[in-house]
2 protein chains.
Amino acid sequence: MTSPGKKRNSEILKNANLRQTHPRLAVLDALMEADIPITRQQIAEHLSDSAPDKVTIYRVLECLIKKGIVHKAFMKERTAFFEMAHNCSKTQCHPHFTCTSCRKTVCIKNAKMPLAEINEQGFAIKHQKVELEGLCPECNS
Amino acid sequence: MTSPGKKRNSEILKNANLRQTHPRLAVLDALMEADIPITRQQIAEHLSDSAPDKVTIYRVLECLIKKGIVHKAFMKERTAFFEMAHNCSKTQCHPHFTCTSCRKTVCIKNAKMPLAEINEQGFAIKHQKVELEGLCPECNS
DNA sequence: TTTCACTTGCAACTCAGTTGCAAAAAGCGT
DNA sequence: ACGCTTTTTGCAACTGAGTTGCAAGTGAAA
Ligand SMILES: [Zn+2]
Ligand SMILES: [Zn+2]
Ligand SMILES: [Zn+2]
Ligand SMILES: [Zn+2]
């Protein structure tokens with residue numbers, strides 16, 4: 001509840017010109033503590049009793065994404081996973097690796113990928129997303 | 001209806017040890033003619049009157065994906081887009097570029113991307129997927 | 001404290017994709 | 001060509017993430 005990052009979350013909202021509301025601080029808190037991409041449901045579970053309504057969580061996430069504070073990292077089993085965008089460069093966040101055996105997904109924060117180049121004229125790449133699949137260390141033995 | 005690739009599709013099924021059925025040939029035909037990633041619904045629309053049931057299309061796609069004949073290229077608006085895998089290398093198919101303005105997606109077939117390298121030990125990358133976002137030539141002016 | 005635009009909660013909805021099961025049909029040996 | 005076995009298909013009912021409309025609540029500026 002009284003996590004050390006509470007004040008920082010308040011700053012984040014202030015810098016983004018967003019009103020200080022309980023749902024926004026709560027969602028930021030959940031994403032900060034998780035430190036890996038999580039679903040709307042996991043956000044609600046993290047906040048348990050004080051969790052905002054499902055719809056509110058989606059709307060808060062939408063708003064934070066628009067401000068560049070949060071990213072929709074990837075989809076898995078038709079469900080979106082969100083994470084703080086603070087480890088991401090402007091054009092590219094880190095790749096995510098999903099194990100085809102145990103279905104766990106991890107962030108690969110140290111992998112550097114060059115931005116793709118498109119031969120045809122006129123394309124302006126604003127963002128690149130890389131997803132990896134394979135066997136994780138535990139399943140690869 | 002009598003597309004020139006009918007015989008080739010039959011060959012594809014034979015090589016994969018799959019039974020020759022109308023739904024399988026029809027789905028292959030739709031994907032072949034489209035030549036870009038399309039949804040289950042677009043497959044059905046392409047086949048109009050002779051379209052197999054929704055469930056059958058999903059099951060055919062699942063089966064073709066398992067054999068490496070088709071790829072799930074990407075998700076957009078919670079909907080999967082499928083395409084023939086014949087332009088893909090084993091570990092990576094071409095990137096897809098989605099315009100943030102007009103929401104159209106195109107295949108970037110000539111972009112070469114190196115495979116990501118993971119510093120931690122034990123990961124076996126089997127497949128890499130790259131998604132690009134930005135402005136397409138038409139919206140970029 | 002008043003005001004007002006922005007935000008939240010609820011209920012009802014949408015719609016891609018899934019599940020269970022009985023009927024159809026592909027392929028094989030005769 | 002005929003029946004037999006296994007696989008595949010179609011239908012109806014279901015699932016569950018995400019969305020919409022609207023009335024009630026709240027942040028913050030004046
Ligand atoms: Zn694993
Ligand atoms: Zn991550
Ligand atoms: Zn465009
Ligand atoms: Zn493509």
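This one's a predicted model, so the numbers in the text were calculated from it and none came from an experiment. Reminder, nothing fancy here: chain letters follow the sequence lines and each chain counts from 1.
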For A/Gln92, all residues meeting side chain to side chain donor-acceptor pair (under 3.5 Å), sequence neighbours excluded: A/Gln128
Step-by-step side-chain contact (heavy atoms from CB on, under 4.5 Å) determination, B/Ile108 to B/Asn110: CA-CA 6 Å; B/Ile108 309 295; B/Asn110 48 21; 3.9 Å; yes
Less than 3.5 Å apart, which donor and acceptor atoms pair up between the side chains of residues 37-44 of chain B and the rest of the protein, not counting sequence neighbours?
residue	atom	partner	partner atom	Å
B/Thr39	OG1	B/Gln41	N	3.3
B/Thr39	OG1	B/Gln42	N	3.0
B/Thr39	OG1	B/Gln42	OE1	3.4
B/Gln42	OE1	B/Thr39	N	2.8

Qualifying residues under ring-ring contact (aromatic ring centres under 6.0 Å, His included), relative to A/His127, sequence neighbours excluded: A/His71
Difference in axis direction between the ends of the helix from C/dT1-D/dA30 to C/dT30-D/dA1, five pairs, 10°: 30°
Summary of ring-ring contact (aromatic ring centres under 6.0 Å, His included) pairs that have at least one residue in residues 25-45 of chain A, sequence neighbours excluded: none
Distance-only donor-acceptor test, A/Lys54 side-chain atoms vs C/dG9 base atoms, 3.5 Å: no
Length of the line joining A/Leu61:CG and D/dT19:C1', which is rounded to integer Å: 14 Å
Whole angstrom value for the distance that separates C1' of D/dT7 from CG of B/Asn17: 13 Å
Whole-Å gap separating P (C/dA26) and NZ (B/Lys14): 15 Å
Atom pairs under 3.5 Å: protein N/O with N/O of nucleotides 8-12 of chain D:
residue	atom	partner	partner atom	Å
D/dT8	OP1	B/Arg24	NH1	3.1
D/dT8	OP1	B/Arg24	NH2	2.7
D/dT8	O5'	B/Arg24	NH2	3.3
D/dT9	OP1	B/Thr21	OG1	2.7
D/dG10	OP2	B/Asp53	N	3.2
D/dG10	OP2	B/Thr56	OG1	2.7
D/dG10	N7	B/Arg59	NH2	3.1
D/dG10	O6	B/Arg59	NH2	2.5

Length of the CG-P vector between A/Leu13 and C/dT8, whole Å: 10 Å
Interatomic distance where CD belongs to B/Glu62 and P belongs to C/dT19 [whole Å]: 9 Å
Euclidean distance, atom CD of residue A/Gln42 to atom P of D/dA17 [Å, nearest integer]: 11 Å
Length of the OH-C1' vector between B/Tyr58 and C/dG17, whole Å: 5 Å
Set of residues satisfying ring-ring contact (aromatic ring centres under 6.0 Å, His included) with respect to B/Phe74, sequence neighbours excluded: B/Phe81, B/His96
Interatomic distance where NZ belongs to B/Lys76 and P belongs to C/dC15 [whole Å]: 17 Å
Sequence neighbours excluded - salt bridge (charged side-chain N to carboxylate O under 4.0 Å, His left out) pairs with any residue from residues 112-122 of chain B: none
Residue pairs, two or more places apart or on separate chains, that pass ring-ring contact (aromatic ring centres under 6.0 Å, His included) and touch residues 18-41 of chain B: none
Where A/Gly122 and B/Asn140 come nearest, the two heavy atoms and their spacing: O-ND2, 2.9 Å
